[in-house]
Amino acid sequence: MSTNDPARGGPDLDGRRAQRKKAAHALVHELLAQGYSRRAIARHLGWGLNTVLRYARAATWQDILRENRPRSSRLDPYKPYLKRRFAAGCTAVTRLHRELVTENAPVTYQMVRAYIADLRAVPPQAPPPPPTVRRVTGRLTRHPDALRDDERAALKDVLARCPELDSAAEHVRGFGEILTHRLGSTLPTWIDAVDASQLPGLTNFALHLLRDGSARRAGRSASHRPESESPRFVGADEGPLTTTVSCD
């Protein structure tokens with residue numbers, strides 16, 4: 001394990017770049033040991049002479065990494081501020097420099113311009129992919145208390161973008177309350193509200209509940225009707241088949 005921590009500013013001795021530096025350093029010093037001159041090594045490898053000189057002067061390959069470490073700058077403490085302002089849409093170097101000078105920052109115009117140029121060279125981050133239908137449905141149908149904070153925030157963002165889905169979510173929560181607290185007496189009101197919303201999938205579900213409830217009430221009425229009031233079926237010679245069943 002490397003004793004240097006890149007997060008603390010030390011060189012990363014285990015990365016691919018470090019391994020390339022290590023191999024190049026070993027190659028240059030092996031050719032030097034065979035008696036090749038620095039110019040001959042540069043010609044042989046197709047490298048620039050300055051590159052060969054840098055490897056030749058380094059006693060160890062780790063020294064090459066230390067040479068390439070970025071130098072500290074007076075602008076470093078203000079880079080997070082510039083990055084936030086740049087992300088917010090302020091990209092004018094003159095304005096950003098003036099803002100820092102107003103705060104007595106010991107920076108030059110050239111420093112700010114160079115850093116803003118670096119920020120412009122970084123491609124913008126792609127927006128996160130939209131959540132899948134399955135994930136949104138799962139968050140809608142779970143109890144709000146069972147959602148994590150990030151899930152609750154993501155669901156809130158989705159509902160804010162789609163008024164129809166927000167309305168559906170409200171009806172889903174209402175139906176969940178009816179089931180959880182056994183508020184069957186409020187079901188007709190819920191069905192009427194869903195029917196008025198004209199949300200395709202949810203409206204069909206509510207109408208199925210309405211028809212199912214009507215069928216159950218009809219069945220109970222038929223089972224409790226006196227025999228004399230049982231449905232009368234008319235024969236074929238008396239006209240079409242009819243039945244009278246109360247749905248009250």
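Quick caveat: nothing in here was measured; it's all calculated off a predicted structure. We're numbering straight along the sequence, starting at 1.
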Taking all non-hydrogen atoms of both residues into account, name the closest pair between Leu140 and Val172 and its distance. O-CG1, 3.6 Å
Atom pair OG1/CG of Thr51 and Leu45 - distance to nearest 0.5 Å: 10.5 Å
When you measure from the side chain of Thr141 to the backbone N and O of Thr137, does any donor-acceptor pair fall under 3.5 Å? yes
Pairwise distance CG(Asp118) to NZ(Lys83) - rounded to 0.5 angstrom: 11.5 Å
For Arg148, does its backbone N or O pair with a side-chain atom of Glu151 as donor and acceptor, under 3.5 Å? yes
Between Glu170 and Arg173, does the salt bridge (Lys or Arg N to Asp or Glu O under 4.0 Å) criterion hold? Intermediate values first, please. CA-CA 5 Å; Glu170 183 178 353; Arg173 287 192 292 266; 5.6 Å; no
For Pro188 and Ser185, which heavy atoms make the closest approach, and how far apart are they? CD-O, 3.5 Å
Same cluster for Val112 and Val101 if Ile/Leu/Val/Met/Phe/Trp/Tyr side chains link at under 4.5 Å? no
Check: Lys21 and Tyr55 side chains under 4.5 Å, non-hydrogen atoms: yes
Only counting residues at least two apart or in another chain, list the ones meeting ring pair (Phe, Tyr, Trp, His ring centres under 6.0 Å) with Phe205. Phe175
Do any N or O atoms from the side chain of His29 and from the backbone of Ala58 form a donor-acceptor pair under 3.5 angstrom? yes
If you measure from CG on Leu100 to CZ on Arg95, what distance do you get to the nearest 0.5 Å? 12.0 Å
In this structure, CG of Leu49 is separated from CZ of Arg54 (nearest 0.5 Å) by 11.0 Å
Please determine whether residues Leu202 and Ile178 belong to a single hydrophobic cluster, defined as Ile, Leu, Val, Met, Phe, Trp and Tyr linked transitively by side-chain heavy-atom distances below 4.5 Å. yes
Restricting to non-hydrogen atoms, name the atom on Arg139 and the atom on Leu147 that form the minimum distance, rounded to 0.1 Å. O-CD1, 3.9 Å
Within the 4.5 Å heavy-atom criterion, are Met111 and Tyr115 side-chain neighbours or not? no
If you look at every heavy atom in Pro131 and Val158, which pair is closest and at what distance? CG-CG2, 3.7 Å
Using 0.5 Å steps for rounding, measure from the CG atom of Leu82 to the SG atom of Cys90. 9.0 Å
Is there a side-chain contact between Thr108 and Leu75 in this structure, where contact means two heavy atoms from C-beta onward sitting under 4.5 Å apart? no
Neighbour count >12 (heavy atoms, 6.0 Å) for atom CZ, Arg152: yes
Does CZ belonging to Arg135 count more than 12 external heavy atoms closer than 6.0 Å? no
Examine distances only and state if a side-chain atom of Thr180 and a backbone atom of Gly176 form a donor-acceptor pair shorter than 3.5 Å. yes
Side-chain donor or acceptor of Thr186 paired with backbone N/O of Leu183 under 3.5 Å: yes
Does Phe86, at its CZ atom, have more than 12 non-hydrogen atoms belonging to other residues, nucleotides or ligands within less than 6.0 Å? yes
Rounded distance [0.5 Å steps], OG in Ser37 versus CZ in Arg43: 6.0 Å
Main-chain N/O of His171 paired to Trp190 side chain as donor or acceptor, under 3.5 Å: yes
Under a 3.5 Å distance rule, please check whether Asp192 uses its side chain to pair with a backbone N or O of Thr189 as donor and acceptor. no
Leu32 and Leu53: same hydrophobic cluster, using ILVMFWY side-chain contacts below 4.5 Å? no
Please walk me through it: do Glu99 and Tyr81 pass side chain to side chain donor-acceptor pair (under 3.5 Å)? CA-CA 10 Å; Glu99 290 176 1; Tyr81 171 80; 2.7 Å; yes
Minimum heavy-atom distance between Ile41 and Val28, given as atom pair plus value: CD1-O, 3.9 Å
Backbone N or O of Pro106 within a donor-acceptor pair of the Arg74 side chain at under 3.5 Å? yes
hydrophobic_cluster_shared for Val133 and Leu155, side chain cutoff 4.5 Å: no
Side chains of Leu199 and Leu165 in contact at under 4.5 Å (non-hydrogen atoms): no
Taking the side chain as every heavy atom from C-beta outward, state whether Gln19 and Lys22 have any pair of such atoms under 4.5 Å apart. yes
Please check if the number of heavy atoms outside Arg38 that lie under 6.0 Å from its CZ is greater than 12. no
Any donor-acceptor N/O pair, Ser197 side chain to Val194 backbone, under 3.5 Å: yes
